[in-house]
Amino acid sequence: MIKRRAFITLLGGAAAWPVAARAQQPAMPVIGFLHPASPDTYANRLRGFHRGLKETGYVDGENVTMLYRWAENQIDRLPTLAADLVRRRAAVIVTSPGTAPALAAKAAITTTSIVFLVSEDPVKLGLVASLARPGGNLTGINFFNAELTAKRLVLLRELVPAATRVAVLVNPAAASNADSTLRDVEPAARTMGLQIQVLNATTSREINAAFATFKHERPDALFVGGDPLFNSRRLQLALLAAHHAVPAVYASRDYPEYGGLMSYGADVTDAFRQLGVYTGRILNGVKPADLPVVQASKFELVINAETARMLGFTVPDKLLATADEVIE
């Protein structure tokens with residue numbers, strides 16, 4: 001009887017061991033992800049981010065927890081969403097893509113580590129002290145979309161040599177993106193003897209309205225500024241450009257993959273992977289101040305040859321020869 005009681009007592013204690021062990025395990029670190037648009041069109045880029053995290057030993061749901069905050073293209077919501085991530089004690093806050101979420105996070109957060117993905121010089125934006133030594137609690141990736149504006153316009157002119165009027169579509173709600181695009185495209189257009197027609201759109205309905213103006217003031221070509229709103233509406237933009245038979249150039253390969261004509265820009269999926277790597281390194285104890293800002297080094301020209309044929313355009317052999325990918 002004594003041996004039986006002792007065995008039952010021992011068994012009961014053993015059953016409690018896993019519970020006790022679990023109670024002693026530290027909570028998984030939390031990564032806050034702040035994005036200006038919506039999740040439905042960013043699945044591929046997020047896969048790149050998770051690949052980068054995995055390279056540093058982190059897998060969502062296994063040893064780290066992701067908290068996503070999507071502004072749904074309402075830029076004024078970003079400061080509130082950033083503050084919410086701080087209240088939820090995120091160990092690292094990731095902002096992507098573009099200037100607006102990075103600036104909102106910097107304004108709302110003074111101590112939590114921030115990793116950004118922006119399209120222009122983060123020193124000029126006031127996010128870091130220098131590229132080599134960021135200082136403070138921010139570091140990240142610059143994928144140069146803004147700096148490539150003039151190059152995109154040159155490629156568009158090569159595609160449509162007879163073009164004299166180019167419509168430029170920007171989102172004024174994302175003021176930094178819009179200002180940067182116009183600041184670079186206008187002098188480049190003057191150099192090439194092109195007339196610029198600026199079109200503004202902050203919603204899907206306003207995108208439709210912008211294209212509706214083509215019935216009365218038809219441009220020879222369309223330049224779509226880099227912006228999360230436009231990326232989330234890339235199918236709409238491709239269909240409208242096809243409907244109006246207007247050749248267009250875009251900032252990333254997402255557009256020609258959805259039927260857009262041509263894009264030139266950084267490999268954004270790889271930039272998201274690098275974003276994941278930096279996030280993991282910070283979780284492993286490296287301070288943002290000690291991580292130099294990564295400058296994107298992979299750029300790609302993508303042409304959708306099927307769309308060109310549908311529009312009745314013959315892509316010059318020079319462009320086809322230099323393209324990183326031709327979608328047939």
Side-chain angles (χ1 to χ4, degrees), residues 35-52 70 73 96-98 117 119 141 143-146 148-149 151-153 155-156 158-160 167-171 177 181 201 204 207-208 210-211 221-276 296-316 319-328:
H35 198 287
S38 55
D40 52 345
T41 55
Y42 280 86
N44 186 52
R45 294 182 176 187
L46 285 176
R47 281 193 288 271
F49 175 78
H50 286 288
R51 280 198 300 272
W70 306 89
N73 297 312
S96 169
L117 179 61
S119 59
I141 320 297
F143 61 100
F144 285 114
N145 262 355
L148 300 176
T149 295
K151 175 64 175 178
R152 279 188 213 102
L153 193 62
L155 291 169
L156 185 59
E158 289 181 13
L159 180 67
V160 193
V168 179
L169 183 65
V170 293
N171 175 12
N177 283 356
T181 297
S204 177
I207 291 174
N208 288 334
F211 275 86
L222 171 66
F223 183 104
V224 177
D227 189 86
L229 167 67
F230 298 153
N231 189 277
S232 67
R233 304 296 182 186
R234 55 187 180 269
L235 178 58
Q236 177 187 5
L237 287 164
L239 290 173
L240 286 168
H243 175 73
H244 290 276
V246 176
V249 67
Y250 307 90
S252 71
R253 66 177 298 122
D254 297 330
Y255 295 89
E257 287 177 349
Y258 273 69
L261 180 56
M262 179 173 70
S263 70
Y264 180 72
D267 183 338
V268 182
T269 300
D270 184 67
F272 268 77
R273 182 195 64 79
Q274 294 174 320
L275 193 67
S297 58
K298 296 174 65 176
F299 305 96
E300 50 189 5
L301 171 62
V302 181
I303 299 172
N304 190 316
E306 182 179 356
T307 298
R309 287 191 292 270
M310 182 181 66
L311 294 174
F313 279 91
T314 300
V315 180
L319 277 182
L320 291 174
T322 56
D324 296 276
E325 183 176 349
V326 177
I327 298 173
E328 294 288 351

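For Asn177 against Gly226, the heavy-atom pair with the smallest separation is ND2-O, 3.7 Å. Between Ser252 and Val268, the closest heavy-atom pair is CB-CG2, 4.3 Å. The minimum heavy-atom distance between Leu156 and Ala221, with the atom names listed, is CD2-CB, 3.8 Å. A pairwise comparison of heavy atoms in Ala308 and Val315 identifies CB-CG2, 3.6 Å as the closest pair. Pairing each heavy atom of Ala305 with each of Val326, the nearest pair is CB-CG1, 3.7 Å. Trp70 approaches Ser38 most closely through the heavy-atom pair CE3-C, 3.5 Å.
Checking side-chain atoms of Arg152 against main-chain N and O of Tyr264 turns up a donor-acceptor pair under 3.5 Å. Side-chain atoms of Asp324 come within 3.5 Å of backbone N or O of Leu301 as a donor-acceptor pair.
Between atom CG of residue Asp270 and atom CZ of residue Phe299 there is a gap of 11.0 Å, rounded to the nearest 0.5 Å. Here the straight-line distance linking atom CG of Asn231 with atom CG of Asn73 works out to 10.0 Å at 0.5 Å rounding. To the nearest 0.5 angstrom, Tyr250 atom OH is 14.0 Å from Tyr258 atom OH. The CZ atom of Phe230 lies 10.0 Å from the CD atom of Gln236; values are rounded to the nearest 0.5 Å. Taking CD1 of Ile327 as the reference point, atom OG1 of Thr307 lies at 8.0 Å (rounded to 0.5 Å). Considering CZ of Phe223 and CG of Leu155, their distance stands at 10.0 Å, rounded to 0.5 Å.
Put simply, the side chain of Leu159 reaches to within 4.5 Å of the side chain of Pro316, judged on heavy atoms. Residues Asp227 and Val170 form no side-chain contact, since every pair of their non-hydrogen atoms from C-beta on lies 4.5 Å or further apart.
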- request: Start with the C-alpha distance between Leu237 and Leu169, add both sets of side-chain angles, then the distance that settles side-chain contact (heavy atoms from CB on, under 4.5 Å), and finish with yes or no.
  value: CA-CA 10 Å; Leu237 287 164; Leu169 183 65; 3.7 Å; yes
Worked verdict on Arg51 versus Thr269 for side-chain contact (heavy atoms from CB on, under 4.5 Å): CA-CA 10 Å; Arg51 280 198 300 272; Thr269 300; 3.4 Å; yes
Intermediate values then yes/no, side-chain contact (heavy atoms from CB on, under 4.5 Å), Phe211 and Leu222: CA-CA 10 Å; Phe211 275 86; Leu222 171 66; 3.5 Å; yes
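Annotation: salt bridge (Lys or Arg N to Asp or Glu O under 4.0 Å) contacts involving residues 237-256, sequence neighbours excluded, comprise Arg45-Asp254, Arg253-Glu257, Arg253-Glu300, Arg253-Glu325.
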